[in-house]
Amino acid sequence: MKNNWEFSEDLEDRRTNLVTTGYDNYCLQTLGGKEIELAQELNIIYKDQGAMALPFLRLTHKSEKGVRTTYQKVILPGYVFLFLPTGTLPSDIRPGGVGFHYVKNVDKKDLLLHGDDKKYAQWVFHNGGIIGMSKAIRLNGKVKITSGPLFNMVGNIKEYSKKNRNCRIVTTLFNRQISMWLPFEWVEEIPEELAKEENTDSDTKE
């Protein structure tokens with residue numbers, strides 16, 4: 001049975017504590033297919049240290065016999081993000097049953113994530129390791145994201161598929177551009193005030 005990711009209440013409390021006390025961002029590399037297992041293992045072993053590990057997944061649409069469902073899919077195969085209370089040494093977090101190594105920052109030549117890499121990790125952090133559905137409306141023949149994980153990434157949206165209800169975004173990680181398709185769902189009723197808006201910053205290409 002495939003192992004699914006769940007952002008539990010305990011992890012929510014841990015995330016709140018990290019925001020309050022301050023935290024550093026790291027990235028781990030492991031075997032593809034072991035992302036969820038590694039994150040779950042580290043979250044159990046290092047709970048008392050306040051550490052939090054997150055894989056990076058997305059919900060994606062699936063249609064079988066006319067029935068639409070969603071399932072989880074790994075966005076970054078082989079990678080897990082690690083968030084440690086400020087001052088915690090990476091050497092304090094060691095591999096257990098699932099092996100890993102730290103990804104070194106290319107420019108700074110250290111283990112901390114900086115710049116765009118840090119922004120990417122914080123996006124994962126604030127979404128609990130899984131990108132769920134965003135809300136969208138049809139506005140002037142285009143897609144306008146009104147809420148959800150894509151809302152803060154709207155400037156990175158390059159195209160969308162009405163049929164599959166996915167947006168393709170382009171972002172940067174480890175000095176490389178990464179392209180990914182992320183899901184949205186239509187909001188059937190469009191508030192009148194929104195229908196009158198002309199917000200070109202939210203427009204995406206057909």
Side-chain angles (χ1 to χ4, degrees), residues 3-31 34-59 72 74-134 145 147-156 169-178 180 182:
N3 195 12
N4 277 340
W5 173 252
E6 180 182 357
F7 191 71
S8 64
E9 290 185 10
D10 172 68
L11 291 180
E12 180 63 64
D13 291 340
R14 217 178 300 187
R15 178 170 63 179
T16 300
N17 289 335
L18 286 169
V19 170
T20 301
T21 60
Y23 63 95
D24 293 323
N25 306 262
Y26 299 91
C27 186
L28 311 176
Q29 189 167 22
T30 186
L31 293 175
K34 294 290 186 179
E35 303 86 5
I36 294 177
E37 186 178 346
L38 173 59
Q40 291 173 334
E41 180 179 278
L42 293 178
N43 286 331
I44 292 172
I45 297 175
Y46 297 103
K47 178 178 179 179
D48 291 342
Q49 284 92 325
M52 185 171 72
L54 299 175
F56 195 34
L57 306 102
R58 65 180 172 95
L59 290 180
Q72 295 181 359
V74 175
I75 291 179
L76 290 176
Y79 292 96
V80 169
F81 289 96
L82 178 66
F83 306 93
L84 301 180
T86 301
T88 303
L89 298 176
S91 57
D92 293 339
I93 311 298
R94 300 176 182 276
V98 182
F100 69 83
H101 67 265
Y102 284 86
V103 177
K104 183 175 289 187
N105 184 279
V106 176
D107 296 325
K108 302 290 185 178
K109 294 182 171 47
D110 63 9
L111 299 179
L112 281 169
L113 297 182
H114 303 272
D116 288 336
D117 296 344
K118 181 178 178 180
K119 291 178 182 177
Y120 194 102
Q122 289 178 336
W123 188 47
V124 177
F125 179 85
H126 290 296
N127 283 286
I130 184 165
I131 301 300
M133 296 290 176
S134 293
I145 303 298
S147 65
L150 282 171
F151 187 76
N152 291 327
M153 299 291 288
V154 72
N156 295 28
I169 72 166
V170 174
T171 185
T172 302
L173 181 66
F174 309 142
N175 286 348
R176 297 177 308 187
Q177 278 200 335
I178 296 176
M180 67 187 82
L182 299 176

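Computation of the quantities below employed the complete heavy-atom set of this structure, encompassing side-chain atoms and omitting hydrogens, waters and symmetry-equivalent molecules. Please read these numbers as outputs of a predicted model, since none were measured by experiment.
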For Lys34 and Thr30, work out which heavy atoms get closest and say how close. CB-OG1, 4.0 Å
Please answer whether the main-chain N or O of Thr86 pairs with a side-chain N or O of Asp24 as donor and acceptor at a distance below 3.5 Å. no
Can you name the residues that form a ring-ring contact (aromatic ring centres under 6.0 Å, His included) with Phe100, not counting sequence neighbours? Tyr102
Examine distances only and state if a side-chain atom of Trp5 and a backbone atom of Phe56 form a donor-acceptor pair shorter than 3.5 Å. no
With sequence neighbours excluded, tell me which residues meet side chain to side chain contact (heavy atoms under 4.5 Å, CB included) with Asp10. Ser8, Arg14, Lys47
State, with a plain yes or no, whether a side-chain heavy atom of Leu18 is found less than 4.5 Å away from one of Pro85. yes
Any donor and acceptor pair, going by atom type alone, linking the side chain of Glu35 with main-chain N or O of Gly78 inside 3.5 Å? yes
Nearest heavy-atom pair of Leu76 and Phe81: which atoms, and what distance? CD1-CE1, 3.8 Å
Take Ile36 and Leu57 through the side chain to side chain contact (heavy atoms under 4.5 Å, CB included) test and state the conclusion after the steps. CA-CA 9 Å; Ile36 294 177; Leu57 306 102; 3.7 Å; yes
Quick one, Ile130 and Gln72 - any side-chain contact, counting heavy atoms below 4.5 Å? yes
Return the set of residues passing side chain to side chain contact (heavy atoms under 4.5 Å, CB included) with Glu12 (not counting sequence neighbours), or none when no residue passes. Phe7, Arg15, Thr16
Minimum heavy-atom distance between Val80 and Leu54, given as atom pair plus value: CG1-O, 3.4 Å
Anything under 3.5 Å between a donor and an acceptor, one on a side chain of residues 90-99, the other on a protein residue two or more places apart or in another chain? List them.
none

Which residues satisfy the side chain to side chain contact (heavy atoms under 4.5 Å, CB included) test with Asn25, sequence neighbours excluded? Tyr23, Phe83, Leu113, Lys118, Ala121, Gln122
What residues form a salt bridge (charged side-chain N to carboxylate O under 4.0 Å, His left out) with Glu6, not counting sequence neighbours? none
Applying side-chain hydrogen bond (donor to acceptor under 3.5 Å, both in side chains) to Gln40 and not counting sequence neighbours gives Asn3
